[in-house]
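Since the structure is predicted, the reported quantities are computational estimates derived from the model, not experimental observations.
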Amino acid sequence: MNDATPRDFIRQIIHNDLESGKHTSIVTRFPPEPNGYLHIGHVMSICLNFGVAEETGGRTFLRFDDTNPGKEREEYVRAIERDVRWLGFDWSDRLTHASDYFDALYAYAEQLIEQGVAYVDSLSADEIRALRGTLTEAGTDSPYRDRTVAENLELFRRMRAGEFADGEHVLRAKIDMASPNINLRDPALYRIRHIAHQRTGDKWCIYPMYDFAHTISDALEHITHSLCTLEFEDHRPLYDWLLDQLKPEHRPRQIEFSRLNLAYAITSKRKLNALVDDGVVSGWDDPRMPTIAGLRRRGYPASALREFVKRGGVTKKDKLIEMAVLENCIREELDFSAPRRMAVLQPLKVVLSNYPEGQVEMMPASNHPNRPELGTREVPFSRELYIEQEDFMEDAPKKFFRLKPGGEVRLRNGYIIRCEDVIRNEAGAVIELRCSYDPDTRSGTGSSDRKVKGTIHWVSAAHALPAEVRLYDRLFTVADPNAADDFMAVLNPDSLASVQAMLEPSLGKLGDGEAVQFERLGYFCMDSVDHSAKRPVFNRIVTLRDSWAKIEQQAIAQHG
RNA sequence: UGGGGCGUGGCCAAGUGGUAAGGCAUCGGGUUUUGAUCCCGUGUACCGCAGGUUCGAAUCCUGCCGCCCCAGCCA
């Protein structure tokens with residue numbers, strides 16, 4: 001559409017098809033099998049299919065590829081619909097199922113039989129496998145390959161009528177058992193499955209295979225460009241063969257692209273399942289999961305996910321995108337949209353010895369330093385406060401710009417304070433700081449422009465809202481857990497940490513799904529599952545970029 | 001030693017014969033009551049390798065190497 005729209009090879013093809021008049025409008029489809037939850041990899045496919053249509057004024061179908069009853073559930077259908085909608089896409093009335101076409105599919109199967117290019121094979125699955133040959137050796141024709149059209153038709157109709165048990169017969173395309181492409185060695189088109197389908201019930205006991213159902217569904221929906229991932233490249237000759245034989249009115253074109261892989265994440269359904277079953281995570285929507293449900297619960301904005309996919313590009317090259325790209329997209333969006341708040345994750349009590357007991361000042365605080373239009377709110381300030389344990393250090397290195405004994409620091413939106421005394425418990429641990437404040441340095445007044453090196457955040461102890469805050473890290477310790485021998489062995493034991501934090505009181509009025517920045521800490525949102533007013537639970541969406549952490553690391557590396 | 005794909009700086013990615021965009025990351029610096037944001041600057045990219053065609057090649061040709069996918073009555 002505009003100059004910023006990336007022109008990947010698929011959009012180029014589509015652009016050319018529109019220019020040449022081959023198509024007047026574009027129709028795509030996103031065709032998940034409802035047998036699990038959608039994940040970050042699907043986000044790309046969704047954005048591509050819906051995006052390409054949107055950009056050209058075309059249409060997109062959300063089609064459930066439900067050709068394998070027993071593995072598919074309505075629960076997944078609803079979850080998928082929700083995920084796609086949440087991502088910001090609309091299929092309008094174009095919500096379909098492969099099962100909507102079972103009658104048509106059956107008729108096309110009979111057509112193939114009548115054309116003499118499909119036959120009923122009565123070999124067992126094992127026998128068929130044995131005759132298929134190998135990657136380097138041609139297969140062998142089935143002894144049933146030359147049945148007459150009449151015989152095939154009768155058998156196929158009896159298959160449909162339920163006269164045979166599962167596995168007794170199978171309908172196969174008659175192509176070429178010696179083809180170097182194994183998908184062309186007489187692929188199965190229909191198999192017998194005496195099992196109720198979630199939508200068609202007991203109407204059918206034979207079900208079409210993916211290649212057959214998908215090709216015809218595409219044609220029936222007048223799909224112009226059928227976009228799928230690279231592993232289906234070898235299926236394209238079969239896709240085209242079916243179209244050549246059946247000659248439907250509309251002929252779709254399949255185009256393949258590489259899937260998006262995110263570093264430190266897995267997308268294998270089996271492995272994701274294992275994480276849930278073994279209790280490694282709390283469920284499919286655990287905020288550490290790469291599922292759309294997990295990403296949403298974590299607090300990642302849909303717009304940031306769309307941007308992430310856009311930056312990844314559309315190519316045919318295997319890719320493993322760094323987490324930093326995703327995190328940058330999240331931060332970019334949230335930096336703009338998230339109001340600022342203060343919260344202390346690891347509270348350390350500070351008593352201001354010279355601040356009047358019982359006094360409370362309401363300190364105005366900007367909701368967004370770069371967007372004054374977002375206004376201000378008032379934060380209570382009093383004699384006893386909490387600051388971050390990390391913001392105090394006894395033997396601080398010279399570059400430590402926070403609080404140290406005898407040192408000064410500014411309290412964000414408050415006063416400059418000086419650390420006068422350190423209180424310890426019997427074990428010698430610091431449990432409290434006695435500080436003095438400089439009344440002249442209140443933010444925005446008097447000599448408040450007096451400079452000190454550091455500014456730290458705080459919360460008034462008497463007004464603080466206690467809350468559980470969950471801190472997340474990557475689920476795996478290696479960039480490519482898929483390549484690990486045992487992905488369970490490379491789990492990050494510290495992927496979840498929970499702390500009892502103290503929040504500024506205004507956070508009690510946060511709306512569902514709203515993200516805020518806890519200044520100096522990161523972006524946070526309420527947990528959509530466990531949060532309640534009585535027992536607040538927050539998730540850290542992502543940290544802020546932290547150049548201090550790098551300096552610290554380097555110092556440790558240099559000086560041991 | 002079958003077939004199908006893919007190889008441009010750490011990770012992505014433009015480039016479609018005329019002399020290598022951009023983003024992320026990195027490393028410097030500036031601004032800053034978030035060590036955030038923002039703003040500057042920062043890479044000699046043997047364009048997988050080797051030949052060839054051409055005045056000229058990442059782009060064309062040949063050979064080689066590496067990686068990915070395929071032997072479900074899964075999708």
Side-chain angles (χ1 to χ4, degrees), chain A residues 6-8 12 31-33 35 65 67-68 71-72 121 123-125 128-129 132-139 166-172 179-185 187-193 207 209-211 213-214 228-237 256 258 260 263 269 310-329 331-332 335-336 340 342 366 368-370 399-402 409-414 416 441 443-444 448-457 479 517-522 543-552:
Chain A
R7 250 309 194 305
D8 54 74
Q12 280 177 30
E33 180 187 14
N35 69 342
D65 230 323
T67 56
N68 193 6
K71 288 199 170 175
E72 299 150 359
D121 198 342
L123 254 23
S124 70
I128 286 178
R129 185 179 313 121
R132 186 154 29 228
T134 67
L135 293 178
T136 54
E137 298 162 313
D166 288 8
E168 245 182 282
H169 305 285
V170 63
L171 183 72
R172 290 227 262 171
S179 172
N181 181 345
I182 289 178
N183 294 295
L184 260 23
R185 317 242 265 229
L189 264 22
Y190 263 93
R191 76 286 216 190
I192 301 171
R193 273 263 212 292
Y207 293 95
M209 299 289 291
Y210 161 82
D211 289 292
H214 199 85
C228 63
T229 42
L230 245 29
E231 66 269 28
F232 293 104
E233 215 153 18
D234 289 341
H235 293 240
R236 178 151 36 91
E256 310 83 12
S258 63
L260 175 161
K269 220 161 258 176
K310 190 170 164 184
R311 289 188 194 181
V314 181
T315 64
K316 303 189 71 157
K317 186 167 122 184
D318 292 333
K319 51 185 144 212
L320 183 63
I321 301 182
E322 290 177 345
M323 193 76 104
V325 179
L326 211 206
E327 292 187 337
N328 181 76
C329 293
R331 289 185 183 121
E332 200 171 284
D335 174 60
F336 177 79
R340 313 286 119 125
M342 290 198 285
S366 172
H368 195 122
N370 307 323
K399 280 184 156 175
F400 184 81
F401 301 148
R402 285 115 85 156
V409 73
R410 171 171 284 284
L411 294 178
R412 176 89 166 142
N413 304 123
I416 291 174
T441 57
S443 283
S448 68
D449 56 345
R450 177 151 79 87
K451 297 288 183 208
V452 286
K453 273 286 177 58
T455 299
I456 64 174
H457 55 93
Q517 182 193 96
F518 289 176
E519 292 199 65
R520 302 211 304 134
L521 297 173
T543 62
L544 256 29
R545 274 181 62 204
D546 186 358
S547 50
W548 164 251
K550 281 172 201 161
I551 295 168
E552 203 174 26

* Structure fact -> Checking B/rG72, B/rC69, B/rU26 against the side chain of A/Glu231 (C-beta onward), the nearest is B/rC69
* **A/Gln12 vs B/rA14: side-chain N/O to OP1/OP2 distance below 4.0 Å** => no
* Does some side-chain heavy atom of A/Lys310 sit less than 4.5 Å from a side-chain heavy atom of A/Cys329? -> no
* Asked: Could you state the CG-C1' distance from A/Asp121 to B/rG72, rounded to the nearest angstrom?
  -> 15 Å
* Asked: Do the side-chain N or O atoms of A/Ser258 get closer than 4.0 angstrom to the phosphate oxygens (OP1, OP2) of B/rG5?
  -> no
* Whole-Å P distance, B/rC12 and B/rC64 -> 27 Å
* **SB check A/Lys269 A/Glu33 (cutoff 4.0 Å)** => no
* Looking only at N and O atoms, is any donor in the side chain of A/Arg545 or the base of B/rG35 less than 3.5 Å from an acceptor on the other one? -> no
* **Under-4.0 Å side-chain N/O to phosphate OP1/OP2 contact, A/Arg7 with B/rG15** => no
* A/His235, nearest nucleotide to its side chain (from B/rC11, B/rA25, B/rA75) -> B/rA75
* Asked: Does B/rC38 have OP1 or OP2 sitting under 4.0 Å from an N or O in the side chain of A/Arg331?
  -> no
* Asked: Rounded to the Å, how far apart are A/Asn183 CG and B/rC70 C1'?
  -> 6 Å
* **Interatomic distance where NZ belongs to A/Lys316 and P belongs to B/rA14 [whole Å]** => 13 Å
* Under 4.0 angstrom between A/Lys453 side-chain N/O and B/rG35 OP1 or OP2 -> no
* Which nucleotide in the set B/rU8, B/rG3, B/rG35 lies at the smallest distance from any side-chain heavy atom of A/Asp234? -> B/rG3
* N/O (side chain, A/Arg129) to phosphate O (OP1/OP2, B/rG72) under 4.0 Å -> yes
* To do: Calculate the interatomic distance between A/Met342 atom CE and B/rA36 atom C1'; express it in whole Å.
  => 15 Å
* Structure fact -> Testing B/rU34, B/rG3, B/rA75 for proximity to the side chain of A/Asp65, the answer is B/rA75
* Taking the six-membered ring for Trp, does A/Trp548 stack with B/rG35 (centroid gap under 5.5 Å, planes within less than 30°)? -> yes
* To the side chain of A/Glu33, which of B/rG23, B/rG35, B/rA75 is closest? -> B/rA75
* Asked: For A/Arg7, does its backbone N or O pair with a side-chain atom of A/Gln12 as donor and acceptor, under 3.5 Å?
  -> yes
* Out of B/rC70, B/rU34, B/rA14, which nucleotide sits closest to the side chain of A/Arg340? -> B/rU34
* Distance, C1' atom - from B/rG2 to B/rU16, rounded to whole angstrom -> 32 Å
* To do: Would you kindly give the CZ-to-P distance between A/Arg402 and B/rU34, to the nearest whole Å?
  => 14 Å
* Both distances under 3.5 Å, Watson-Crick or G-U wobble: report the partner of B/rA21, or none. => none
* Structure fact -> Among B/rC12, B/rA36, B/rG35, the one nearest any side-chain atom of A/Leu320 is B/rC12
* To do: Tell me which nucleotide among B/rC73, B/rA36, B/rC11 gets nearest to the side chain of A/Glu322.
  => B/rC11
* Position toward the 5' end of RNA chain B (nearest nucleotide), A/Glu168 or A/Val325 -> A/Val325
* Could you work out the separation of B/rU34 and B/rG43 based on their P atoms and round it to a whole Å? => 30 Å
* Asked: Is any side-chain heavy atom of A/Arg520 less than 4.5 Å from a side-chain heavy atom of A/Trp548?
  -> no
* Give a yes/no on whether any side-chain N or O of A/Thr134 is located under 4.0 angstrom from OP1 or OP2 of B/rG2. => no
* **Phosphate contact (B/rG35 OP1 or OP2) by A/Arg520 side-chain N/O below 4.0 Å** => yes
* To do: Kindly point out which of B/rC24, B/rA75, B/rG3 is positioned nearest to the side chain of A/Met209?
  => B/rA75
* Asked: Would one find a side-chain N or O of A/Lys317 under 4.0 angstrom from OP1 or OP2 of B/rC67?
  -> no
* Structure fact -> Relative to its sugar, using the 90° cut-off around 0, the base of B/rG72 is syn
* Structure fact -> Scanning all shown strands, the Watson-Crick or wobble mate of B/rG2 with both distances under 3.5 Å is B/rC70
* Asked: If the C1' atom of B/rU62 is compared with that of B/rA45, how far apart are they to the nearest Å?
  -> 25 Å
* Expressed in angstrom and rounded to an integer, what is the separation of A/Lys550 atom NZ from B/rU26 atom C1'? -> 8 Å
* Considering non-hydrogen atoms only, spot the tightest contact between A/His457 and A/Glu519 and give its length. => CD2-O, 3.6 Å
* **Side-chain ion pair, A/Lys316 and A/Glu233, N-O less than 4.0 Å** => yes
* To do: Using the P atom as the reference point in each nucleotide, state the distance between B/rG72 and B/rG9 in Å, no decimals.
  => 37 Å
* Any side-chain N or O of A/Arg132 less than 4.0 Å from the OP1 or OP2 oxygen of B/rG72? -> yes
* Structure fact -> Ranking A/Gly414 and A/Ile321 by the position along RNA chain B of their nearest nucleotide, the one closer to 5' is A/Ile321
* Give a yes/no answer on whether the side chain of A/Asn328 brings an N or O atom under 4.0 Å of OP1 or OP2 in B/rA25. => yes
* Do the side chain of A/Thr441 and the main chain of A/Ile416 share a donor and acceptor less than 3.5 angstrom apart? -> yes
* Using the C1' atom in both, what is the distance from B/rC49 to B/rU31, to the nearest Å? -> 48 Å
* To do: Could you give the distance separating B/rC47 and B/rC60 at their C1' atoms, to the nearest angstrom?
  => 16 Å
* Options B/rU34, B/rG35, B/rC74, nucleotide nearest the side-chain atoms of A/Arg193 -> B/rC74
* Report yes if the side chains of A/Asp318 and A/Leu230 come closer than 4.5 Å at any heavy-atom pair, otherwise no. => yes
* Structure fact -> Using Watson-Crick geometry (N1-N3 plus N6-O4 or O6-N4) or G-U wobble (N1-O2, O6-N3), each under 3.5 Å, B/rU16 is paired with none
* If you measure from the C1' atom in B/rU19 to the same atom in B/rU54, how many Å do you get, rounded? -> 14 Å
* To do: Using only side-chain N and O atoms of A/Thr136, determine if any of them is under 4.0 Å from OP1 or OP2 of B/rU1.
  => no
* Rounded to the nearest angstrom, tell me the gap between atom CG in A/Leu230 and atom P in B/rG4. => 14 Å
* Interatomic distance, A/Asp335 CG vs B/rU32 C1' [rounded to whole Å] -> 13 Å
* Asked: Under 3.5 Å, is there a donor-acceptor pair linking the side chains of A/Ser124 and A/Arg129?
  -> no
